[in-house]
K.L.:
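Would you mind keeping the following structure in view while I ask a few things?
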Amino acid sequence: MKILLHDLSPDEFSQIFPGGISEIRTIGPKDKVHACVGCRSCWLKMPGECPIHDRAGRLGTELSATDELWIISACTYGCVSPFIKKVVDRMMPYQTPFLEIQDNETRFKNRYSDGFLLKVLFYGCDDTGERKYADEYVKRLGKSLGVSDVITYFCSDDELMALGNEVLL
Amino acid sequence: MKIALINFSPSLQMTKKEIGATASILQDFRRILRHNHQHDIEEVHVKTGCLTEQQMDVLGACGIWVMGFPVYMGGLPGHAMEWLKAVEDMTAMASPGEIKIYGIGNGCLYEGTSAGSAIQSLRLWCNACDFNWCGGIGIGGGPYYSERAVSQTALGRRRTYMRRMNTFGEACAKGLPILNMTCAPDLTAARYVIRHNRGCRKVARSHGLTGLDTNRQN
């Protein structure tokens, strides 16, 4: 199974994926996604489940069954866009509250052992400094989620329509 | 110069005693500012991504903004990024004047560098809005400075934390730039991990969960 997170408008989405995507679960701006409220219920009251019942409510469980997670995001302040960040924050049920030390760094233990492939396509950023910070952020995110591999792409707004489909599919 | 302490934690404050990590850290910072003769301080709590008129009125009158935030999944919380984007859109229409920005990030991980990505995001936001970025501090083991500590595990001494915060606070009170700083709790990483995990198990047990439940796969 594959999951696609994107912050594209419906027009942009249909230009990049003209035939639509049938076998991939998508979360986009048209889905109602609430920001994480930091209640820690997904860790300490109902492990693995988010008490907010919206499109991202079962994201932790969906990630456990996924082979690849794709993210198409505008590069905002050297990180993913606000909408994508809201969805990423809701991945906390994928982790446990317990810490471990790996490679001289503390990290949260993952609830599931199988890692998935993380592919991120950033658009709308030409500044090399900002791209460097975005790349570091994605690598750090991949480490914390225990992914098998991380692939990051950068393109301008104009190149997005041409590259989006090729790069991810 | 007026100083605004902006709390980006989305957590609800249940009672006056149960304040979260970010609020506790900002309270400590407020005391440090008062010790440095800065008494004109406003507090703003940003729980959602909406920029309200009341917030704009309060922040517009302040020359220094100190942004306290929890670190979520290695970066700024999602609602905080929405709010920052709204401020950027507003400054594109009307420049608010010279404003100095300081950042205080607190994360659950031992290393204060876990807030590094979020502090860089704040710096890039400052560049986009034409604000003056004056420095940030990343605080490791942030939740344990809170009176409502999740794992109810005391960190014991807070020597390093108070020293770094004092240095940061002095620079902020004078409106001077400072290099980014980090601080970790005053105990080894291994001991911190053991205490944190023990505390999490204790809280989970109080909710009727066993160790197996906390690790369960759905």
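A quick note: this is a predicted structure, and the numbers were derived from the prediction, not measured. Just so it is clear: chains get the letters A, B, ... in the order the sequence lines come, proteins before strands, and each one is counted from 1.
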K.L.:
Holding to side-chain contact (heavy atoms from CB on, under 4.5 Å), I want the full list of residues that pass it with Lys139(A), two or more places apart in sequence or in another chain.
P.N.:
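Partners of Lys139(A) by the side-chain contact (heavy atoms from CB on, under 4.5 Å) criterion, ordered by chain and then number, come out as Asp135(A).
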K.L.:
Does Phe17(A) have its ring centroid less than 6.0 Å away from the ring centroid of Phe13(A)?
P.N.:
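Yes: the rings meet the under 6.0 Å criterion.
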K.L.:
Answer with side chain, backbone, both or neither: which region of Ile194(B) has an atom nearer than 4.5 Å to a non-hydrogen atom of chain A?
P.N.:
neither
K.L.:
Hey, does Phe116(A) have a side-chain heavy atom less than 4.5 Å from the side chain of Leu145(A)?
P.N.:
yes
K.L.:
So Trp83(B) and Phe69(B), ring pair (Phe, Tyr, Trp, His ring centres under 6.0 Å) or not? Walk me through it.
P.N.:
CA-CA 12 Å; Trp83(B) 190 89; Phe69(B) 55 89; over 10 Å; no
K.L.:
Name the option with the most non-hydrogen atom pairs under 4.5 Å to chain B; the candidates are Glu105(A), Lys109(A), Met92(A).
P.N.:
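Between Glu105(A), Lys109(A), Met92(A), the count favours Glu105(A).
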K.L.:
Sort Cys39(A) into side chain, backbone, both or neither according to what part of it lies under 4.5 angstrom from a heavy atom of chain B.
P.N.:
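Neither; nothing under 4.5 Å.
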K.L.:
Testing the 3.5 Å rule here: is there a donor-acceptor pair between the side chains of Arg123(B) and Gln120(B)?
P.N.:
yes
K.L.:
Go through Leu99(A), Leu141(A), Asn104(A) and name the one with the most non-hydrogen pairs under 4.5 angstrom from chain B.
P.N.:
Leu99(A)
K.L.:
Can you say whether Arg90(A) sits under 4.5 Å from chain B via the side chain, the backbone, both, or neither, judging by heavy atoms?
P.N.:
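Nothing of Arg90(A), per the 4.5 Å heavy-atom cut-off to chain B.
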K.L.:
Between Leu124(B), Thr113(B), Leu84(B), Asn127(B), which has the largest tally of heavy atom pairs under 4.5 Å with chain A?
P.N.:
Leu124(B)
K.L.:
According to the interplanar angle, ranging from 0 to 90°, do the rings of Trp125(B) and Phe131(B) count as parallel (below 30°), tilted (30 to 60°) or perpendicular (above 60°)?
P.N.:
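The rings of Trp125(B) and Phe131(B) stand perpendicular, inter-plane angle above 60°.
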K.L.:
What parts of residues 123-130 of chain A touch chain B if we use heavy atoms and a cut-off under 4.5 Å?
P.N.:
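If one takes a 4.5 Å heavy-atom cut-off, the residues of residues 123-130 of chain A near chain B are Glu130(A).
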K.L.:
Check each atom of Val80(A) against the heavy atoms of chain B and say whether the ones under 4.5 Å are side chain, backbone, both or neither.
P.N.:
backbone
K.L.:
With Trp43(A), which of Tyr94(A), Phe108(A), Phe98(A) fulfils ring pair (Phe, Tyr, Trp, His ring centres under 6.0 Å)?
P.N.:
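Of all the options given, the one that passes is Phe108(A).
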K.L.:
Got Ile6(B) and Leu59(B) here, is their nearest side-chain heavy-atom distance under 4.5 Å?
P.N.:
yes
K.L.:
Let me know if Ser206(B) has heavy atoms under 4.5 Å from chain A in its side chain, its backbone, both or neither.
P.N.:
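Neither; nothing under 4.5 Å.
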K.L.:
Pick whichever of Cys36(A), Cys79(A), Gly78(A) has the most heavy-atom pairs under 4.5 Å with chain B.
P.N.:
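Ranked by contacts with chain B, first place is Cys36(A).
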K.L.:
Sequence neighbours excluded, which residues qualify as side chain to side chain donor-acceptor pair (under 3.5 Å) partners of Thr106(A)?
P.N.:
Glu111(B)
K.L.:
Please verify the inter-ring angle class for Tyr102(B) with Phe168(B); under 30° counts as parallel, over 60° as perpendicular, anything in between as tilted.
P.N.:
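Answer is perpendicular, since the angle exceeds 60°.
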K.L.:
Please state whether the side chain, the backbone, both or neither of Ala189(B) comes within less than 4.5 Å of a heavy atom of chain A.
P.N.:
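It is both, since atoms from each part get that close.
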K.L.:
With a 4.5 angstrom heavy-atom cut-off, could you sort out which part of Gln95(A) is near chain B: side chain, backbone, both or neither?
P.N.:
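Looking at Gln95(A), just its side chain touches chain B.
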K.L.:
Between Lys85(B) and Glu82(B), is the closest basic N to carboxylate O distance under 4.0 Å?
P.N.:
no
K.L.:
Which one of Leu109(B), Thr48(B), Val193(B) has the most heavy-atom pairs closer than 4.5 Å to chain A?
P.N.:
Leu109(B)
K.L.:
With sequence neighbours left out, what residues match Cys62(B) under side-chain contact (heavy atoms from CB on, under 4.5 Å)?
P.N.:
Lys2(B), Ala4(B), Glu42(B), Trp65(B)
